[in-house]
2 protein chains.
Amino acid sequence: MAVAYERIADQLRQSIRAGQLMPGDRLPAEAKLAEEFGRSVPTVRDALRVLRDEGLIEKQHGRGNFVRRPRTTTVRTNLRHQWEKNRARRSLEERARTGATERETGLDVDDLIFHAAYRETTADGDLAAAFGLPEGTPLLARFYRTRCAAESAPFSLVTSYLVRDLIAGNPALLDAANEPWPGGSQAQLSTVGIEVDRIEERVTARPPTPEEAEELELPPGTSVLVLRKTSIDTRDRIVDVSHVVLPGDRTEMLFTTPLERW
Amino acid sequence: MAVAYERIADQLRQSIRAGQLMPGDRLPAEAKLAEEFGRSVPTVRDALRVLRDEGLIEKQHGRGNFVRRPRTTTVRTNLRHQWEKNRARRSLEERARTGATERETGLDVDDLIFHAAYRETTADGDLAAAFGLPEGTPLLARFYRTRCAAESAPFSLVTSYLVRDLIAGNPALLDAANEPWPGGSQAQLSTVGIEVDRIEERVTARPPTPEEAEELELPPGTSVLVLRKTSIDTRDRIVDVSHVVLPGDRTEMLFTTPLERW
DNA sequence: GAGTGGTCTAGACCACTGT
DNA sequence: CAGTGGTCTAGACCACTCC
């Protein structure tokens with residue numbers, strides 16, 4: 001702890017936690033801080049980088065360093081799966097009117113911009129293991145981006161894989177032009193006689209790759225939640241494997257686990 | 001992209017992704033890299049910091065910079081809650097033999113070191129909101145650390161809050177000396193007639209605070225998973241609010257959601 | 001144009017690791 | 001002891017923001 005930049009970081013962190021520096025406040029200029037602490041500017045910058053990595057401050061080029069405000073978060077709940085399953089069998093008109101994302105964000109269909117792209121591919125080692133199928137099995141990869149019309153960054157980066165042979169019975173499922181499909185994935189699967197029985201979701205966290213940071217417009221010093229979702233049908237087949245990347249500072253995932261009564 | 005340190009980072013990232021630099025490999029010395037790229041050492045260090053923040057490399061003082069190996073992860077599943085509930089009513093002997101952590105890690109009771117501390121406190125704004133009770137309500141705060149005997153860092157940092165008045169009927173519940181309680185929290189609550197009906201878990205991700213990084217021995221460039229767990233009893237009372245911090249690079253959370261049949 | 005952060009240099013000295 | 005990364009300096013020039 002004899003290190004200068006850590007001492008500076010500690011003092012500033014203290015000020016922020018104690019509320020002497022409030023969210024949105026600008027910190028003194030780096031040159032100013034260097035003078036106050038009797039250190040060089042690069043040393044002060046080392047201290048500020050520590051705070052930025054902790055998510056406490058935000059650097060704005062040409063404007064200054066600011067105490068970061070807590071982000072407003074989107075909640076994603078696992079109750080959505082049952083809701084989607086119920087919706088999958090409603091009338092076309094009812095399904096078209098709203099989707100799971102609209103429901104969770106409280107936004108209207110018109111406020112959301114939806115983008116989908118499909119590509120045919122084959123299972124590599126990881127995907128083959130996830131599906132429990134041999135490598136090289138033909139798959140359909142689907143890429144989704146949904147964002148608020150008012151914002152430029154999407155909520156999430158979604159890649160969904162389906163087993164081609166399982167859905168080939170309905171050629172409409174192979175064409176991205178049919179997106180957004182009214183009723184979502186479970187409605188799509190229902191057209192080829194697949195009923196989803198349960199969904200397993202695996203969650204981890206890590207720093208974003210540069211590509212993810214770019215696409216989700218993540219400031220440095222944020223993490224991503226990585227969700228790997230597996231859908232299993234009533235015949236115990238793995239019918240969908242999805243990979244979802246969510247901004248950690250904007251997303252809260254809510255899982256409700258009901259327990260059997262004594 | 002005209003920036004020198006980004007170009008250096010890109011080239012090294014490329015080498016790692018392409019497999020020219022394998023996990024565990026040592027990178028050339030910083031001075032060596034500076035010479036190769038025709039830049040100063042601090043500029044090379046800027047590039048290496050980028051890669052460290054992405055979790056791609058690990059710096060080891062006096063030894064070198066190394067390509068990081070993927071960590072072996074612990075899986076934490078929501079099926080544990082039903083398992084714990086079932087176990088809560090088994091015989092004392094059966095409950096004492098094993099716990100949820102042992103079950104998930106596949107380790108023996110003797111391989112795990114358990115630490116608990118209790119403190120009486122009152123609800124601040126956040127906790128009061130979480131419990132749906134007035135501020136100042138007396139609470140019991142319980143702090144848990146569990147770690148592998150072979151390792152020095154705990155799996156998780158757990159803080160659990162109970163409403164004091166709900167558990168006061170059994171004074172044994174107020175004394176940390178009775179930990180580890182055979183059968184866990186649900187067994188404890190059952191002694192005062194509380195049956196947990198459902199559990200809600202909220203998950204977010206963020207960079208660790210310095211204190212968390214220290215205690216969990218997190219290398220720079222890792223994230224933590226933050227789990228806020230709420231236990232609701234059969235009379236719709238919130239009986240426990242827990243705050244769990246998990247190392248993002250070592251932990252996978254698995255949630256299974258069963259769906260009703262059509 | 002004044003003020004701010006972003007990048008970069010060239011070199012110093014310290015602390016840690018392994019032989 | 002040699003080699004490595006960790007810290008720090010003093011100053012230069014560029015890029016961005018706002019008036």
Side-chain angles (χ1 to χ4, degrees), chain A residues 1-13 16 21 24-68 152 210 213-214 217-222, chain B residues 1-13 16 21 24-68 152 210 213-214 217-222:
Chain A
M1 176 47 63
V3 204
Y5 79 93
E6 283 183 359
R7 277 203 311 275
I8 298 174
D10 278 344
Q11 288 206 31
L12 293 173
R13 192 186 298 114
I16 292 170
L21 287 167
D25 280 2
R26 213 204 73 183
L27 275 64
E30 298 181 349
K32 188 94 182 174
L33 288 172
E35 194 189 350
E36 282 177 23
F37 286 101
R39 294 286 160 173
S40 71
V41 169
T43 299
V44 166
R45 289 177 59 75
D46 283 344
L48 294 174
R49 195 180 45 244
V50 168
L51 299 180
R52 193 209 56 181
D53 288 346
E54 292 168 17
L56 282 176
I57 67 166
E58 190 173 342
K59 320 204 83 177
Q60 290 185 32
H61 194 169
R63 305 219 315 127
N65 296 291
F66 296 82
V67 180
R68 192 187 281 177
S152 52
E214 161 94 25
E217 292 175 20
L218 295 174
T222 54
Chain B
M1 176 47 63
V3 203
Y5 79 94
E6 282 183 359
R7 276 202 312 274
I8 298 174
D10 278 344
Q11 287 206 30
L12 293 173
R13 194 185 298 115
I16 293 170
L21 288 166
D25 280 3
R26 214 204 74 183
L27 274 64
E30 297 180 350
K32 188 93 181 174
L33 287 172
E35 194 190 348
E36 280 178 23
F37 286 102
R39 294 286 159 173
S40 70
V41 170
T43 299
V44 166
R45 289 177 58 75
D46 283 344
L48 294 174
R49 197 180 39 246
V50 168
L51 299 179
R52 193 209 56 182
D53 288 347
E54 292 168 18
L56 281 177
I57 67 165
E58 190 172 343
K59 320 205 81 177
Q60 291 185 32
H61 194 166
R63 305 219 315 126
N65 297 290
F66 296 83
V67 180
R68 192 187 278 177
S152 53
E214 161 94 27
E217 292 176 21
L218 295 175
T222 55

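Every chain is numbered from 1 and lettered A, B, ... according to where its sequence line falls, protein lines coming before strand lines. Bear in mind that the values here come from a model prediction, so they are computed numbers and not experimental data.
For the salt bridge (Lys or Arg N to Asp or Glu O under 4.0 Å) test with A:Glu30, the passing option among A:Arg45, A:Arg39, A:Arg49 is A:Arg45; the others fail.
For B:Asn65 and D:dT4, the shortest distance from a side-chain N or O to OP1 or OP2 is not below 4.0 Å.
Taking CG of B:Leu12 as the start and CD1 of B:Ile57 as the end, the distance is 7.5 Å to the nearest 0.5 Å. Taken to the nearest 0.5 Å, the CD1 atom of A:Ile8 stands 6.5 Å off from the OG1 atom of A:Thr43. Atom CG of B:Leu51 and atom CZ of B:Arg68 lie 11.0 Å apart (nearest 0.5 Å). Separating the CZ atom in A:Arg52 from the OG1 atom in A:Thr222 is a distance of 9.5 Å, to the nearest 0.5 Å. The structure places CD1 of B:Ile16 at 5.0 Å from CG of B:Leu56, a figure rounded to the nearest 0.5 Å.
The two residues B:Ala47 and B:Ala9 make their nearest non-hydrogen contact at CB-N, 3.8 Å. Listed here is the closest heavy atom pair of A:Pro28 and A:Lys32: CB-CG, 4.0 Å.
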Check: protein-nucleotides 16-19 of chain C nitrogen or oxygen pairs below 3.5 Å:
from	atom 1	to	atom 2	distance (Å)
C:dG18	OP1	B:Arg63	NH1	3.2

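Take B:Arg13 and apply the side-chain hydrogen bond (donor to acceptor under 3.5 Å, both in side chains) test, not counting sequence neighbours, and it matches B:Asp10, B:Glu54.
Straight-line distance from the CZ atom of B:Arg7 to the P atom of C:dG6: 19 Å, rounded to whole Å. When rounded to the nearest whole Å, the span between NZ of A:Lys59 and C1' of C:dG6 equals 8 Å. Atom CZ of B:Phe37 and atom C1' of C:dT9 are 18 Å apart (whole Å). Following rounding to the nearest Å, A:Glu35 (CD) and C:dG3 (P) show an atom-to-atom distance of 14 Å. Taking atom CZ of residue A:Arg26 and atom C1' of nucleotide C:dG5, one finds them 10 Å apart after rounding to whole Å. A:Glu58 places its CD atom 15 Å from the C1' atom of D:dT17, with the value rounded to the nearest Å.
Heavy-atom distances under 4.0 Å link DNA chain D to B:Arg45 of residues 39-52 of chain B, given in residue order.
Between B:Glu30 and A:Gly38, the residue anchored closer to the 5' end of DNA chain D is B:Glu30, taking for each the nucleotide with the nearest heavy atom.
Distance from the side chain of A:Tyr5 is smallest for D:dC8 among the nucleotides D:dC8, C:dC8, D:dG5.
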